[in-house]
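Heads up, the thing below is written out as structure tokens.
Nothing here was measured: the structure is a model prediction, and the numbers come from that model.
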Amino acid sequence: MFPCLPDAPSKTPSAPMAERLAGWAARGWLRTVDAALAGFLWREVPAADPLAILAAALASHQLGRGHACLDLEATLADAAQALSLPPDGADPLDAIDSPLAVIGGLTLARWLTALDCPALVDDGSGGAPLVRVGTRLYLQRYWRCERRLEAAIAERLGRGEQAATEALRPLLDALFGPPARDTVDWQRAACALAARSAFAVITGGPGTGKTTTVLRLLALLQALALQATGDGGRRPRPLRIRLAAPTGKAAARLNQSIAAQVAGLDLAKLPGAEAVRAAIPRQVTTLHRLLGSRPDSRCFRHDAEHPLGLDLLVIDEASMVDLELIAAVVQALPPAARLVLLGDKDQLASVEAGAVLGQLCEHAAAARYRPATADWLARATGQRPREAFIDANGSALDQAVAMLRVSHRFDAASPIGRLASAVNADDGPVLETLLASDDDALQWLPGEQAGEALTDTIVAGCRPWLECIRAGAGADADEFAREVLAAHAGFQVLCALRAGPWGVDGLNKRIADALQQAGLIPATSGWYAGRPVLVTRNDYGLGLMNGDIGLCLPVPDGEGGSRLRVAFPGADDPARVRWLAPGRLQAVDTVFAMTVHKSQGSEFGHVALVLPERPSPILSRELLYTGITRARARLTLACAGGTGVLQQCVARRVIRAGGLLRDE
């Protein structure tokens with residue numbers, strides 16, 4: 001059943017077990033850290049069953065694949081799917097001696113028996129390094145993160161209504177106009193539900209108006225706060241509101257959007273309109289900056305003992321927030337503070353462990369509002385959800401989740417919007433029809449066409465911003481940088497993989513070679529004018545965060561020549577340019593092409609999305625949807641493996657293992 005492993009536990013880790021774990025790590029089936037953790041646990045608990053040690057190694061492995069835990073039952077039902085194995089580039093012969101082969105003959109009962117080891121596994125009450133909840137096995141830290149988040153959400157959902165129903169209706173009418181009779185305005189409903197609860201989630205696809213909705217929500221909440229009378233008749237004060245996003249790129253994009261929209265927000269019919277407008281924050285920061293990151297530490301300056309000074313926190317692009325980070329956020333919130341999460345539930349989840357937004361929005365499409373909630377919405381908004389959205393068995397969480405359902409970016413005829421919808425619905429016929437169309441907004445390059453035709457498309461896409469650089473800086477270097485950065489946002493190559501000829505590593509080299517041959521860049525290595533770079537590690541000293549993108553530009557040196565400097569958009573003010581000498585940047589990669597994961601929180605006029613020549617565990621419906629929806633106006637979809645690989649990508653959904661709010 002478990003070849004090459006000892007039948008009975010020994011006092012020290014057995015050579016076969018240690019060799020096998022090390023071998024799996026060497027061949028990429030496990031990470032080195034997974035094997036190291038297993039070895040450490042067996043040294044600490046030498047009486048542990050080998051199957052328990054294997055479970056610990058796989059629980060650690062799952063964290064690297066974005067899962068909060070190891071689902072034992074799902075792993076036994078389909079180990080390759082559950083564990084995202086084999087790894088890319090694995091030799092088929094390796095499968096003969098792999099975790100999949102070992103698990104093949106295992107039963108759930110046998111595995112659970114092996115985990116009956118209190119020194120190694122408990123229910124979370126005894127401090128064991130592993131925690132088992134039913135058939136889910138956690139590393140203790142991640143189990144504690146889930147429980148902390150659950151407790152914070154449950155406490156806020158249990159507070160009761162945060163805004164009086166009779167106060168909401170006139171303010172909603174002032175913000176949205178009189179309610180339509182025959183349809184539900186989901187932006188209006190989302191504002192009402194978020195005003196009602198101390199915890200709320202607003203989800204929706206690209207162009208559904210999430211930012212517009214949240215700005216109206218902030219106006220609504222500030223209007224309510226400014227109308228209130230404090231204890232002893234004291235003057236009402238506006239809410240202390242902070243806006244945050246998980247990455248610098250997402251924060252900068254939201255900054256730009258808010259700056260453009262707050263001034264134009266129609267508040268004419270709202271009481272105290274200008275006081276309300278002045279109370280709406282315009283600055284967005286990253287969650288790490290908000291919490292106060294401590295270099296070389298998992299800890300933050302703000303925590304339960306040193307809470308944030310705010311009344312309401314809004315987190316945009318919440319799909320990118322991992323379990324450990326959101327647990328740190330709720331720990332740092334003052335007890336009375338409210339929390340609103342904003343994001344697209346269908347996007348890729350965070351790179352780190354957890355799929356918080358996806359799990360919270362599990363029933364968002366169905367809504368599942370209780371009859372009492374539907375009646376309340378009718379009174380507060382003047383619109384009652386139709387019967388299909390009403391469910392007497394809806395959970396407390398369901399009553400605080402709103403899904404925006406109308407896209408204003410992609411109309412019904414938009415090929416990009418229709419393609420994204422077809423991918424989400426796994427609608428093969430519509431997908432084939434769209435790819436076969438000759439619409440200029442959608443270019444399909446399968447098989448061999450993903451070679452030369454893709455290169456031509458990429459060179460044409462990069463040409464505008466590179467020619468802008470070649471034209472040179474004028475007297476105002478900042479204005480030059482803003483112009484080039486704006487042009488650069490017009491086109492981006494996205495990849496599913498990092499390694500291989502169709503991954504970031506291979507494509508960046510090929511693109512650089514093609515651009516040099518076209519005379520658009522002077523070199524392909526080192527620092528040169530036109531090199532785009534992606535920050536790969538937070539650098540608090542320079543104020544750069546993982547995911548920030550900069551461009552290497554020639555600027556006048558004051559002596560008739562030029563020197564190279566790297567321009568980054570301002571972290572909290574995108575109109576400001578930060579200039580850094582190349583030598584100060586220690587953790588950056590060239591980024592003519594970037595992974596879809598790294599592109600989250602961004603959008604580009606034209607996206608070239610590149611899929612590899614063969615299936616991979618990384619390819620999924622969520623990845624494809626996320627890549628497609630980074631494009632505003634034009635999409636080039638290239639797949640070296642042709643239609644077959646694309647279809648397998650669409651068919652594969654990633655359901656991350658976790659127990660958030662599933663044991664209530």
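Here the side chain of His597 pairs no donor or acceptor atom with the backbone of Leu348 at under 3.5 angstrom. For the pair Asn508 (side chain) and Thr590 (backbone), a donor-acceptor distance under 3.5 Å is present. For the pair His288 (side chain) and Ser293 (backbone), a donor-acceptor distance under 3.5 Å is absent. The closest donor-acceptor contact from the side chain of Glu146 to the backbone of Gly659 lies under 3.5 Å. In terms of modelled atom types and a separation under 3.5 Å, the side chain of Ser414 and the main chain of Gly417 share a donor-acceptor contact. Judged by distance alone, the side chain of Thr247 and the main-chain N or O of Gly547 form no donor-acceptor pair under 3.5 Å. Side-chain atoms of Arg338 come within 3.5 Å of backbone N or O of Ala194 as a donor-acceptor pair. One N or O on the side chain of Gln62 and one on the backbone of Ala82 form a donor-acceptor pair closer than 3.5 Å.
With a 4.5 Å cut-off on side-chain heavy atoms, Leu30 and Ser60 do not count as touching. Ser319 places none of its side-chain heavy atoms less than 4.5 Å from the side chain of Asp344. Using a 4.5 Å cut-off on side-chain heavy atoms (C-beta onward), Val596 and Leu624 make no contact. Side-chain contact between Leu585 and Leu542: present, with at least one pair of heavy atoms (C-beta onward) separated by less than 4.5 Å. Counting only heavy atoms from C-beta outward, the side chains of Leu325 and Leu291 approach each other to under 4.5 Å.
Side-chain contact of Gln261 with Thr212: a donor-acceptor pair under 3.5 Å is present, judged by distance alone. For the residue pair Gln648/Arg614, the side-chain donor-acceptor check at 3.5 Å is not satisfied.
Residue-environment remark: CZ (Arg584) stays at or below the threshold of 12 foreign heavy atoms within 6.0 Å. Environment of CG in Asp440: sparse, with no more than 12 heavy atoms of neighbouring residues, nucleotides or ligands closer than 6.0 Å.
For the pair Arg510 and Trp502, the cation sits on the ring face: its NZ or CZ lies under 6.0 Å from the ring centre, inside 45° of the axis.
Taking the six-membered ring where tryptophan is involved, the planes of His606 and Phe491 are perpendicular, since the angle between them exceeds 60° and thus also 30°.
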